[in-house]
Each structure stands twice: as C-alpha cells, then as structure tokens.
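Structure, as structure tokens:
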Amino acid sequence: MTTVEEAVALQEELAPQVIRTVPDGFSPKVAVGLDVAYGSDDLVAAAVCVDVATLEIVDSVAVRDVTDFPYVPGLFAFRELPSLLKALDRLKVVPDVLVCDGQGIAHPRRFGLASHAGVVTGLPSVGVGKQALGHYDPPGPGRGDWTPLVDNDEVVGRALRTQAGVKPVFVSIGHKIDLDTATELVLRLSPKYRLPETTRAADQLGRRVSAGGVGVQDVTD
DNA sequence: GCGACAG
DNA sequence: ATCTTGTCGC
C-alpha cells in the first residue's frame, strides 16, 4: 500500500511534468466529467462524456470499486484516481478534456487530482473545486466574474462565478491547458447551474449507481 | 502551540 | 464525501 510519504514524493516527482499551456488548435468536442460517490463499504467512480457544443451526454461509465487510501488533504488523488482511471478505460468515446471534481495546480505541491489525472492519461484537464485551496477575494456578482486564487503569493487558479447569485467555483489548470481556456470551458459547461454539466452528470450517475440499482457490473449509458 | 485542511 | 423533504425566497 502506498504510504503518505511515498505519495508526497510521487507528487513532487510528477508535478514538473504538468504543462500549463494548450496544445495547438485545442478545440474540445467532448469533455468528460469525473466524480466519485461513496457508499458505506465501497465507492463508485463515474465518467460522463458530454458534447461541449450541445451538452448532450454521449457516453458514460460507472465502476464500483474499493479504496484503501484514506482521505488526506493534499493526497486526494491517491484515494480517487485509481477508480476514476478504470472508468475512463471503459469509455467508448475518447474525450478531449477531463473535468475533475477537485483542484489541479491549486494544490500545496501544485499537483492536485486534476493535474495527476491529466499527466497520467496525457490528456488536457481542468480542476473545478467547490472549496478553495488558497486565498481569494470575492469575485463580482455576475456570471463570468472572477478573481485570482492565490497560494504562497502565486496565482494557482480562479474563483469563478458561474451563475449570478451563487458561490464561486475554483478553477485551476490540470494539465495541457491554460487558465483562460480552462475558465472559458468551465463557463461554457455551466450554462444553468453552479457546477459544470459534466460534474453534475457524473455526480448523479455515481450516486445513482452507488445507491442501489446495478450491482457489480459496469453501467454504461 | 493553533488553525487550516480539495472530496 | 455522507446523513436528508419540504420549504422559504427571488
């Protein structure tokens, strides 16, 4: 089993591999939302592919799994990523970008779940957290307003208001993307609610499967 | 020593 | 994360 010390060492080793710029001609057609729902003795990792233009769900997979790694702030990926990767492997559609429920480089070692997922898969990724890891001033009141998310005097992300009158979400670079592009994508994926449709869909699928419905087998569509 | 601490 | 329906308000 991975120890906390080993996990931290791995993050420090992989963090330099994060690419904070977009590939040439980056124009994602399919974004996949990743989220994990917890049961009493297991968890369900959900991956839902959404057409970026229409927001229609084009593919989805849920995998029931178990973890041995506890929740440790800063080591979130070691708890959820293994199961999420299994779900990603079972997708029929190959996504252009990962939308993770958590932080990217807005992390103590600049290697949160979204960055870890991006580096491991080689895919562009963005982190969208509901809680900030860092400091920020409240963004303006309108949809699209944002302020820098700062940690140790370094801008690591943005507090982004996706809807007027709701708390901001925290967007950060995961891998192979920049902050402007990540912000634009998150806004596009969040036309109606605070969270992107990708994470909403993955969250719903995950808890639906976790709650009962299907047993051990994967759930597709 | 004390508070913070993604999900 | 999870325990949890209806209800108050714009």
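When reading the values below, keep in mind they use all heavy atoms of this one structure, side chains included, and skip hydrogens, waters and symmetry mates. So you know, we letter chains A, B, ... as the sequences are listed, proteins then strands, and number each from 1.
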Classify the nucleic acid contact of [X] as base, sugar-phosphate or nothing, counting any heavy atom under 4.0 Å across all strands shown.
X: A:Leu75; result: base
X: A:Gly165; result: nothing
X: A:Leu113; result: base
X: A:Gly129; result: sugar-phosphate
X: A:Gln103; result: base
X: A:Phe76; result: base

Interatomic distance where [atom1] belongs to [X] and [atom2] belongs to [N] [whole Å]:
X: A:Phe69; N: B:dG7; atom1: CZ; atom2: P; answer: 17 Å
X: A:Asp35; N: C:dA1; atom1: CG; atom2: C1'; answer: 9 Å
X: A:Leu195; N: C:dA1; atom1: CG; atom2: C1'; answer: 14 Å
X: A:Gln204; N: C:dA1; atom1: CD; atom2: C1'; answer: 17 Å
X: A:Phe78; N: B:dC5; atom1: CZ; atom2: C1'; answer: 17 Å
X: A:Leu43; N: C:dT2; atom1: CG; atom2: P; answer: 11 Å
X: A:Tyr38; N: B:dA6; atom1: OH; atom2: P; answer: 13 Å
X: A:Gln131; N: B:dA6; atom1: CD; atom2: P; answer: 7 Å

(request) Indicate whether OP1 or OP2 belonging to B:dA6 is found under 4.0 Å from a side-chain N or O atom of A:Tyr71. (result) yes
(message) With a cut-off of less than 4.0 Å, is there a side-chain N or O of A:Arg79 near OP1 or OP2 of C:dA1?
(response) no
(message) Between A:His107 and A:Phe76 (judged by ring centroids, cut-off 6.0 Å), do the two rings come close enough to count as a pair?
(response) no
(message) Checking contacts here: which listed nucleotide (C:dT2, B:dA6, B:dG7) is nearest the side-chain heavy atoms of A:Arg207?
(response) C:dT2
(message) Below 30° counts as parallel, above 60° as perpendicular, anything between as tilted: where do the rings of A:His116 and A:Phe111 land?
(response) tilted
(message) Whether A:Asp68 and A:Arg79 form a salt bridge (side-chain N of Lys/Arg under 4.0 Å from carboxylate O of Asp/Glu) is what I want to check.
(response)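 Salt bridge between A:Arg79 and A:Asp68, a charged N being under 4.0 Å from a carboxylate O: no.
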(message) Any salt bridge linking A:Lys86 with A:Asp65? Criterion: basic side-chain nitrogen under 4.0 Å from a carboxylate oxygen.
(response) yes
(request) May I ask you to check if A:Arg158 and A:Tyr136 form a cation-pi contact, with NZ or CZ under 6.0 angstrom from the six-membered ring centre and within 45° of the axis? (result) no
